[in-house]
Every structure is written in structure tokens, then in C-alpha cells.
Chemist: 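The following block contains the structure, expressed as C-alpha cells.
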Number of protein chains: 2
Amino acid sequence: MAQTSVSSNPRRTSSRHAGLDRDDVVEAALLLVDEGGPEALTMRRLAGKLGVATTTIYWHVGSRDDVVDAVIRRHGERQAEHAVSGDTARQRVMSVARHLRDEALAHRGITRLAELHGETSVLNEHLEVAMARELTTAGVVGEDARDALRAILICVGGFLVVAMRNEAAIPPDHSRTAVWSRVDDPNVDPSTRLALTTQVDLPVLFERTVQAIVDTHVPEA
Amino acid sequence: MAQTSVSSNPRRTSSRHAGLDRDDVVEAALLLVDEGGPEALTMRRLAGKLGVATTTIYWHVGSRDDVVDAVIRRHGERQAEHAVSGDTARQRVMSVARHLRDEALAHRGITRLAELHGETSVLNEHLEVAMARELTTAGVVGEDARDALRAILICVGGFLVVAMRNEAAIPPDHSRTAVWSRVDDPNVDPSTRLALTTQVDLPVLFERTVQAIVDTHVPEA
DNA sequence: ACCTGAACACCGTTCAAGT
DNA sequence: ACCTGAACACCGTTCAAGT
């Protein structure tokens, strides 16, 4: 609600010139997505928040796609400011994996925006480079490094998808990974039913599963 | 383009009654999504395809969300008609995993539609039950079965996400999993660069990675 | 160079009205 | 019971026009 401050341009005259910057637009868009998700980023709402006509956005940044792209790149750069921790190579790779997950969950709106636009790899560019670096340092190179990187990132991505699904739909206290109508089917025996309906501890399963994949690719310290 | 045949209702009189069925609407919507993706499913286009006023859809099925839900459930039932193959438990679980992936890729539009609506688990309900059954039969029960099921499904989901990304954006012959601007960064050493830019063989990595997770949960035959 | 308003082609949805 | 047309509140985008 509070009007985004337009700080970059010095004299903020009254009349026709709003003194808007490309940066101001991107920053306002970033806030919009962070607060209200991808669907909150409309050209009209963005303009309204900046106190400007809708068409002005087109002059400064371009189409909605361009705005989205700029938002993703800017947030991707901020994500990069992160020190990798851990003593062994396996620990350091795991720390990047966790950071990737935590950042994605802390900024769900932008994560979903990137996925909708097919720009997830753009968003996570710097973190993927960081992980690749750790692999190289650990002596995993060439095709091995490529396969290790992809396998780990794919697995983390899978966890992200279900983590986003959970906290999006259902209130957090009775969030479960799966509840189906099928559960009432008499053809499903009690043991199978249990496997399907019991709540899973995602952070724990994340550690187990990602660690297993890391271990198959990265030699012990 | 070709008008969907309205077969279910016997007398297909001219005047006001189009003789439309709820099933006809869902079937037409399914086709629309299969051919043109989620964004092709608009109420106006759907009505146009059925030769009927837009508002008629609301009478038969309800809102767009209801149409989407019906489409996902119907396709989910069709997916279920599949015999699980393989002699050992591990092989049979892998066969369900592969089937899940192949079906999702064969019907990308519906896969994306389900994901957009948070109904992926509804779409794959029957296949998840099938996998749970195989686990139970193999003697994996209780919390072990629940963890095994989730870990495997999450990993398959991760592969699905990147497989969908690839063939959606870039022409298939030079599709690669990752090409970044960052690659030109002088801070990235040649070995790391190679890991980041080389194309990965997804089907092969799928086998390796999913098999590794299956093996950690399902005992050898 | 920077910004505006009107206009266009789309959406989903509601609702009174017709047969 | 089944179907329609007009209308509303939204979209993204273009474009001639203003300062």
C-alpha cells in the first residue's frame, strides 16, 4: 500500500515528470511479487503503486515479460551473496543445496514466477555456479561433475515442488503431503493406505535423500 | 478445429437445445489442453468448439476451476490403465516411475495444467497407489513405505520439471539443460564451466538416480 | 526524453431473460 | 431443464498526443 519511495532521481518535480527510474520499477515489481505472488504483478497495479500511468512502465522497462525477467535477475543476484559453509566437500555441497531450498521457500512468489516463465535456471544461476565450483574443488570433473550437478539440482527441485505445494494450499498445522479420496477404496489394503496418507517430515527426508545422491557422486573427504 | 461430436445425447435437435452433456464439455476441454496447453483452455474457446454460448458451460460444469478439475480427474483415470511389469520388486517400482514420467511427457499440457492448479497428486493418484502397492508387496511397510514412496516420487517429479522445461523452450536438436551468461565470467574456471554447460542425457541420469533411491529403500530380491 | 488517455482484443463471471 | 446476450471488472498492449 505504502507508496514506494522514488529515491534515485534527485529533483522529484511535481508536474508531468515523475522522475521514475528503471530500477524503481523493478524494485516495486519485486515487492509486489514477494507480497502477493506472481498474479499480483499486473501492469496496472505496478503503475498504481508507483503513482504513474500504466503505459509509463512500457517506456522504462518494456512489456510484462521484460519486467518479470528483470525481477528474476535482480533477485538472483541478491541470492548469490552467501558464504558456503562446511569442512568436507560433501558438507559444502549440502550447504548450497539447503541454501537453494531455503531461499526458494523464503521467496515463494519469485520462485513461482520464475517457474511460470521457464527462468528457474536464471534465478538460481549463481547458486548453481557455486555448487559446480565445490564439485570441481572436490576433484569431481568433466562428465562426472555435470552428472553430479544435475542429479543433485533435480532432486532439490523435486523437494521444492512438493514443499511449495504443501504450504500454499493447506494451513501449516495439518499440512500433509498426500490425502486422497482413493484412500477409501476397499481395494487398497491397510498397509498401503498408511503409506499413502501418513504425513512425511520433509526436512528430514530432504537430508536423507539429497545426501544419498551427493554421496554417490562426491568422494569421501 | 473439427467440431467435437456430441454423441451421448440421442436426439440432436436443431433449435435451442444443443443436447450437450457434462461429459462432452470435459472431453472437449481435454482436447483443448492436450493440443494447446493450459492457456488454450478458455471458456470462450471451449464454448466455440462446442458450438454453444459461453455461459452454457457454467450450467453444465461450473466455473473454469471446475472444468480444470474434471479434466485432470478424467485423464488421471485413463492413466491408471497400465500393467506393472518386472520380476523383482525394484524392477516393478522402477516401471511405475518410468510410466509416470512417460505419461507426463506425452501429455505435457495436462501435466502443466495440474501443476498450475496444485492438483498434481490428484492427476497421479492411481499411479501413486500402484507404486505404494508394489512397496507393500515387497515388504516395505509403515513409515518406511511412506518415506520410500515420497522420496521416489519427489525425485521423479524433479526430473519431470527439467524435462518439461527443456522441450518447451528450445528446439529439440540443440536442447541442453543449461546455458548461462555466467559461463563467460572469467572467475569460473574451465572445468566448472564445462560441468555447467555440457548437455546431460536425462533418460540415462533418470535411471541412475531414481534407481539409487529405490535401492536404498527396497531390499534386493 | 518522458509521460498520458483512449482504445483494442482478450479474459472469467453474473444475471435477467428466453424457450 | 437448458440455453442465450448483455454487461461488469479485470487483463496486456499499442499509439497518437501532449510537455
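Letters A, B, ... mirror the listed sequences (proteins, then strands); counts begin at 1. Keep in mind that what you see is a predicted model, and the values were worked out from it rather than measured.
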Chemist: Are any of the side-chain nitrogens in A:Arg165 or B:Glu119 under 4.0 Å away from the carboxylate oxygens of its partner?
Modeler: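 Judged by the 4.0 Å cut-off on N to carboxylate O distance, A:Arg165 and B:Glu119 do not form a salt bridge.
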
Chemist: Between A:His60 and C:dC3, is there a side-chain N or O to OP1/OP2 distance below 4.0 Å?
Modeler: yes

Chemist: Taking atom CD of B:Glu143 as the centre, does the number of heavy atoms from other residues, nucleotides or ligands within less than 6.0 Å exceed 12?
Modeler: no

Chemist: Is there a side-chain contact between A:Leu153 and A:Leu100, using heavy atoms and a 4.5 Å cut-off?
Modeler: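 Yes, close enough: below the 4.5 Å cut-off.
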
Chemist: Looking at D:dG5, I'd like to know if its phosphate oxygens (OP1 or OP2) sit under 4.0 Å from a side-chain N or O belonging to B:Thr54.
Modeler: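 For D:dG5, neither OP1 nor OP2 has a side-chain N or O of B:Thr54 closer than 4.0 Å.
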
Chemist: Give the minimum heavy-atom separation between A:Val156 and A:Ala97, together with the two atoms involved.
Modeler: CG2-CB, 3.9 Å

Chemist: Between B:Leu41 (CG) and C:dG12 (C1'), how many Å, whole number?
Modeler: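 Taking atom C1' of C:dG12 as the reference, CG of B:Leu41 is at 12 Å.
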
Chemist: Give a yes/no on whether any side-chain N or O of B:Thr42 is located under 4.0 angstrom from OP1 or OP2 of C:dC11.
Modeler: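 It does, given that an N or O in the side chain of B:Thr42 lies less than 4.0 Å from OP1 or OP2 of C:dC11.
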
Chemist: Kindly determine whether B:His217 and B:Asp147 satisfy side chain to side chain donor-acceptor pair (under 3.5 Å), including the steps that lead there.
Modeler: CA-CA 8 Å; B:His217 287 95; B:Asp147 288 350; over 6 Å; no

Chemist: A:Thr55 side chain N/O closer than 4.0 Å to the phosphate oxygens (OP1, OP2) of C:dG5?
Modeler: no

Chemist: Round to a whole Å and report the spacing from CD1 of B:Ile57 to C1' of C:dT13.
Modeler: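 Atom-to-atom, B:Ile57 to C:dT13, this comes out as 13 Å.
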
Chemist: Compare side-chain N and O positions of B:Arg45 against OP1 and OP2 of C:dC11 and report whether any pair is under 4.0 Å apart.
Modeler: yes

Chemist: Between residues 63-71 of chain B and DNA chain D, which residues have a heavy-atom gap below 4.0 Å?
Modeler: none

Chemist: Can you give the dot-bracket line for DNA chain D, using ( ) for pairs inside the strand, [ ] for pairs that cross earlier ones, | for pairs with another strand and . for unpaired bases, where Watson-Crick and G-U count if both distances are under 3.5 Å?
Modeler: ||.|||||...|||||.||

Chemist: State plainly whether the residues A:Asp23 and A:Arg74 are in salt-bridge range, i.e. N to O under 4.0 Å.
Modeler: yes

Chemist: So that I can tick it off, tell me whether B:Arg78 and B:Glu103 are bridged by a salt bridge, with the cut-off set at under 4.0 angstrom between side-chain N and carboxylate O.
Modeler: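 Between B:Arg78 and B:Glu103 there is no salt bridge, as every charged N stays at least 4.0 Å from the carboxylate O atoms.
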
Chemist: Nearest-Å distance, CD (A:Glu39) to P (D:dC10)?
Modeler: 15 Å

Chemist: Could you state the atom-to-atom distance from CE of B:Met43 to C1' of D:dA9 in whole Å?
Modeler: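 My rounded result for the distance is 16 Å.
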
Chemist: From the set C:dG5, D:dT13, C:dG12, return the single nucleotide nearest to any side-chain atom of B:Arg44.
Modeler: C:dG12

Chemist: Side chains of B:Asp69 and B:His117 only: does a donor on one sit below 3.5 Å from an acceptor on the other?
Modeler: no

Chemist: Please give, in whole Å, the distance from C:dC3 P to A:Leu50 CG?
Modeler: 11 Å

Chemist: Any side-chain heavy atom of B:Met164 sitting closer than 4.5 Å to one from B:Glu115?
Modeler: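 No. Closest side-chain heavy atoms not under 4.5 Å.
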
Chemist: Of the listed nucleotides (D:dC2, C:dT14, C:dC3), which one gets closest to any side-chain atom of B:Trp59?
Modeler: D:dC2

Chemist: A:Leu32 CG to D:dC11 P: how many Å, rounded?
Modeler: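 For the pair A:Leu32 CG and D:dC11 P, the rounded distance is 11 Å.
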
